[in-house]
*Asks:* 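Take a look at the following structure, please.
Atom set for the values below is all heavy atoms of this structure, side chains included, hydrogens, waters and symmetry mates excluded. In what follows, chains are A, B, ... by sequence order, proteins preceding strands, each numbered from 1.
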Amino acid sequence: MPELPEVELVTRTLNTLISGRKIVGAKLIREKLAPHHTKAGFTKLIKGSKVNFAHRRGKHILIDLDNDRTLMVHLRMSGRFMLLPEERELPKFTHAIFDLDTGERLVFQDQRHFGFMRVEKTSALPRAKELVSLAPEPFSDEFSLEYFQGVISKSSRSLKEFLLDQTKVLGLGNIYACEAMFLAKVNPRKPAHTVPKRKIELLFMMISQVLNESIRFSKKLRIDPENIDGSYFGGAHGNHWRVYDREGEQCVECGAKIKRIPQGGRSTYFCPHCQR
DNA sequence: ACCCTCACCTGCACGC
DNA sequence: TGCGTGCAGGTGAGGG
C-alpha cells in the first residue's frame with residue numbers, strides 16, 4: 001500500500017522497535033517472498049545477527065544487520081510488519097517470521113503476495129539491482145530543479161506515468177502523484193516534455209510539499225507495534241486527499257466535478273477545470 | 001533506451 | 001444470496 005511517506009513511517013517504527021535486538025530465529029514461510037534464497041539459506045544469513053538500524057532508499061526498507069548483511073524489504077501493495085507476543089497465533093498470509101531475543105516475533109504479513117525480500121551484503125548495497133537505477137532521494141540536493149527539468153523534458157509519456165517512474169522521480173505513488181499534479185494545476189494526460197517551464201517549477205515544489213506534509217503528519221501518529229503497515233494515512237488522513245478517490249465530488253478549488261481516468265492501467269483523479 | 005501490456009495475489013464493493 | 005466484474009496506495013518481465 002505504501003508510498004514514500006508511509007515507508008518512511010514504517011522504517012522509523014522498525015528502528016524504534018527492533019534496533020539493537022538480536023534475531024535468534026528467522027523463518028521464510030513463503031519461498032517466493034525471497035526468490036533469491038532457499039528457506040535454509042535465508043535462515044542462515046539472518047539467524048544470530050543483531051539489528052543495527054533500519055533505513056530506506058525510495059520505497060525499499062533496508063534493515064542493516066551486524067554481520068555485513070542487509071535485509072531489503074519492499075512492501076509493494078499490502079506487505080506489513082507486526083511485532084507480536086511469542087504465543088500469539090500467526091495471522092493469515094504470514095510469509096516470514098523473525099524471532100527476537102525479547103521473545104517477541106516480528107512477522108511479515110502480505111495478503112496480496114506482492115512483497116519482496118532479499119538479503120544482500122551491506123557493502124554491496126549500492127550496487128544492488130533493485131536500488132541502482134532509482135532516482136535521487138526527493139529530499140536530497142541531487143533531486144534539484146535542474147535534475148527534474150532534465151528528466152521531464154526527455155520523457156514522452158504522460159505526465160502521470162512519468163511521475164510514477166521510480167527511476168525518474170522517487171517516492172511518489174498513485175495518491176501523491178495525483179495530489180502533486182492537482183496542486184501544480186497540471187494536466188496528467190499531457191506528455192511530460194510538453195509541460196511548460198513555469199508549471200515544471202511549480203510541480204517540482206508540490207512534489208516536495210505533498211511528501212513533506214505527509215511525513216510531518218505521520219510524526220504525530222502513535223504506531224501500533226502489532227500493526228506496522230503504514231496505512232495510517234488512509235484512516236487519519238483519508239478525508240484529506242484533495243482529489244484522490246474523489247471521483248464525482250466537487251473540486252476544493254473551483255467546484256467542478258473531479259474526474260477519474262485510466263492511465264497505465266491505474267486510476268488518475270484530477271480536476272478537469274483546474275488542471276488544463 | 002524507451003514504451004506498452006501483462007502478470008503477480010486476495011478481498012471488497014458493486015450491480016444484476 | 002450468489003455470482004460476475006472491476007478495483008485496490010507497486011513493480012518486474014517480456015515484448016515491440
*Asks:* Are A/Phe116 and A/Val107 connected in a single hydrophobic cluster, I mean Ile/Leu/Val/Met/Phe/Trp/Tyr linked by side-chain heavy atoms less than 4.5 Å apart?
*Replies:* no
*Asks:* Pick one: which of A/Arg246, A/Glu247, A/Glu179, A/Met181 meets side-chain contact (heavy atoms from CB on, under 4.5 Å) with A/Tyr269?
*Replies:* A/Glu247
*Asks:* With sugar-phosphate meaning primed atoms plus P, OP1 and OP2, does A/Phe116 contact a base, only sugar-phosphate, or nothing at under 4.0 Å between heavy atoms?
*Replies:*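 Counting heavy atoms under 4.0 Å across all strands, no contact is made by A/Phe116.
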*Asks:* Please determine which of A/Val51, A/Leu14, A/Ile23 meets the side-chain contact (heavy atoms from CB on, under 4.5 Å) test together with A/Leu106.
*Replies:* A/Leu14
*Asks:* Is any side-chain N or O of A/His74 closer than 4.0 Å to OP1 or OP2 of C/dG10?
*Replies:*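 A/His74 to C/dG10 OP1/OP2: no side-chain N or O under 4.0 Å.
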*Asks:* Please check if the distance between the ring centroids of A/Tyr176 and A/Trp241 is under 6.0 Å.
*Replies:* yes
*Asks:* Provide, to the nearest angstrom, the distance between the CD atom belonging to A/Gln109 and the P atom belonging to B/dG11.
*Replies:*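 These atoms are roughly 10 Å apart.
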*Asks:* For a quick test of reading the model: is some side-chain N or O of A/Lys92 closer than 4.0 Å to OP1 or OP2 of B/dG11?
*Replies:*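 Result: yes.
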*Asks:* Take atom CG of A/Leu170 and atom P of C/dG10, then tell me their distance rounded to the nearest Å.
*Replies:*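 That distance rounds to 12 Å.
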*Asks:* Can you see if the side chain of A/Ser78 gets near the phosphate of C/dA8 - specifically, an N or O under 4.0 Å from OP1 or OP2?
*Replies:*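 No, outside the criterion.
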*Asks:* Has A/Ser267 got a side-chain N or O lying under 4.0 Å from the OP1 or OP2 atom of C/dC7?
*Replies:*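 False: A/Ser267 side-chain N/O out of range (4.0 Å or more) of C/dC7 OP1/OP2.
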*Asks:* Among C/dA8, C/dG10, B/dC3, find the nucleotide with the atom closest to the side chain of A/Tyr269.
*Replies:* C/dA8
*Asks:* Just to confirm, is there a sub-4.0 Å distance from OP1 or OP2 of B/dC2 to any side-chain nitrogen or oxygen of A/Arg157?
*Replies:*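 So the side-chain polar atoms of A/Arg157 never come under 4.0 Å of the phosphate oxygens OP1 or OP2 of B/dC2.
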*Asks:* Verify the contact: side-chain N or O of A/Lys32 to OP1 or OP2 of B/dC8, cut-off strictly under 4.0 Å; return yes or no.
*Replies:* no
